[in-house]
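Down below is the structure, laid out as structure tokens.
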Amino acid sequence: MSSHDFFENVIEYQADGIKFWNKYGKHHPFLLDNYPFNKTKDGVTYHRNFAKLKLPISLASYISFVELLDIPTIGKTSDKIFFELLNPIHLAWIDKIFVRSSKCAVFLSDSVIRKMRKCEGYFKWLPAEVNSKGFIKKVGNTSFYKYSHFSAYQIHSEIEEIRQVVVDTCSQ
């Protein structure tokens, strides 16, 4: 993708996601009409499903997509490669943001929770067992929730519940 003209949209998005959302009415470049790649794979499904939350642009400054890796991926990184790419400085930064931020809601999927548990020395606040969907735990001002990954088919039945959590969190 980085050698394609479309990559300029990604650079614009990464420079200022809020400005991007306001300018294009889409929260991510993968949703733009001129997206030239396969629209059924990689990160497109994730962002298409996130868009189904139908969040108003006025909430753009409250939304952030946090990655455990500090490099761009398309979400299909094998566990072996994933753990080789982990950056301890980035993990510490995320962990700090999660527990010392202003009021926020963080949505985690099973696969993300499993990976977080394997990041030794980080995310110690994460409960040993998380079995059901919905609220997991509150740490400081951050409320953690477990739902399906936005790229998973199961997310469709959870969209309205997630939307309500986001709206409630942002309105307080």
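Contact of the His90 side chain with the Leu68 side chain is not registered, since no non-hydrogen atoms from C-beta on lie closer than 4.5 Å. A 4.5 Å side-chain heavy-atom check between Tyr145 and Val106 finds every atom pair outside the cut-off. Considering only heavy atoms from C-beta on, Val166 stays 4.5 Å or farther from Arg163 through its side chain. Under the 4.5 Å side-chain criterion, counting only non-hydrogen atoms from C-beta, Val10 is not in contact with Phe20. The closest side-chain heavy-atom distance from Ile155 to His149 is not below 4.5 Å. In this structure, Leu108 and Tyr147 have side chains that are not in contact, with every pair of non-hydrogen atoms separated by 4.5 Å or more. At least one side-chain heavy atom of Lys118 sits less than 4.5 Å from a side-chain heavy atom of Phe83. Here the side chains of Asn34 and Asn9 are in contact, with some heavy-atom distance below 4.5 Å.
Take Lys124 and apply the side-chain hydrogen bond (donor to acceptor under 3.5 Å, both in side chains) test, not counting sequence neighbours, and it matches no residue. Legend: residues meeting side-chain hydrogen bond (donor to acceptor under 3.5 Å, both in side chains) with Lys115, ordered by chain and number and at least two apart, are absent. Evaluation of the ring-ring contact (aromatic ring centres under 6.0 Å, His included) rule for Phe37 yields His4, Tyr35 as partners, not counting sequence neighbours. With sequence neighbours left out, Trp93 forms a side-chain hydrogen bond (donor to acceptor under 3.5 Å, both in side chains) with no residue at all. Every residue meeting the ring-ring contact (aromatic ring centres under 6.0 Å, His included) condition with Phe144, not counting sequence neighbours, appears here in chain and number order: Phe98, Trp125. Remark: Asp33 engages no residue in a side-chain hydrogen bond (donor to acceptor under 3.5 Å, both in side chains) (not counting sequence neighbours).
In terms of hydrophobic clustering, with Ile, Leu, Val, Met, Phe, Trp and Tyr side chains grouped at heavy-atom distances under 4.5 Å, Val112 and Phe107 are assigned to different clusters. Phe150 and Val130 are members of different hydrophobic clusters when ILVMFWY side chains are connected at heavy-atom separations under 4.5 Å.
Counting non-hydrogen atoms of neighbouring residues, nucleotides and ligands closer than 6.0 angstrom, the CZ atom of Arg100 reaches no more than 12 such neighbours. Shown here is Asp5, whose CG atom has no more than 12 heavy atoms of other residues, nucleotides or ligands within 6.0 Å.
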Would you list the atom pairs, donor with acceptor, under 3.5 Å between side chains in residues 50-66 and any protein atom, with sequence neighbours excluded?
unit_1	atom_1	unit_2	atom_2	d
Lys52	NZ	Asn49	OD1	3.4

Only distances under 3.5 Å count here; give the side-chain donor-acceptor pairs of residues 22-31 to other protein atoms, sequence neighbours excluded, each with its distance to 0.1 Å.
unit_1	atom_1	unit_2	atom_2	d
Asn22	ND2	Ile18	O	2.9
Lys23	NZ	Glu12	OE2	3.0
Tyr24	OH	Glu12	OE1	2.8
Tyr24	OH	Glu12	OE2	3.4
His27	NE2	His47	ND1	2.9
His28	ND1	Phe30	N	3.1
His28	NE2	His47	NE2	3.4

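Among residue pairs with one or both ends in residues 140-159, those qualifying as salt bridge (charged side-chain N to carboxylate O under 4.0 Å, His left out) are Asp110-Lys146; sequence neighbours excluded. Sorted by first then second residue, the salt bridge (charged side-chain N to carboxylate O under 4.0 Å, His left out) pairs that include residues 83-96, not counting sequence neighbours, are Lys80-Glu84. The salt bridge (charged side-chain N to carboxylate O under 4.0 Å, His left out) analysis of residues 125-140, with sequence neighbours excluded, yields the pairs Lys133-Glu161.
Here Ile136 contributes atom CD1 and Asn131 contributes atom CG; the two are 10.5 Å apart, rounded to the nearest 0.5 Å. To the nearest 0.5 angstrom, Tyr122 atom OH is 9.0 Å from Leu86 atom CG.
Side chain of Arg48 to main chain of Lys39: a donor-acceptor pair is present (N/O by atom type, distance under 3.5 Å, no hydrogens or angles).
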Give the intermediate values and the outcome of side-chain contact (heavy atoms from CB on, under 4.5 Å) for residues Ile94 and Phe123.
-> CA-CA 9 Å; Ile94 292 170; Phe123 315 116; 4.0 Å; yes
Would you sort out whether Ile113 and Ser109 count as a side-chain contact (heavy atoms from CB on, under 4.5 Å), showing the intermediate values?
-> CA-CA 6 Å; Ile113 290 170; Ser109 67; over 6 Å; no
Step-by-step side-chain contact (heavy atoms from CB on, under 4.5 Å) determination, Leu69 to Asn87 = CA-CA 7 Å; Leu69 294 178; Asn87 176 342; over 6 Å; no
Derivation and outcome, side-chain contact (heavy atoms from CB on, under 4.5 Å), residues Ile71 and Leu85 = CA-CA 8 Å; Ile71 59 170; Leu85 294 173; 3.7 Å; yes
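Here the closest heavy-atom approach between residue Gln154 and residue Ser148 is recorded as CB-OG, 3.3 Å.
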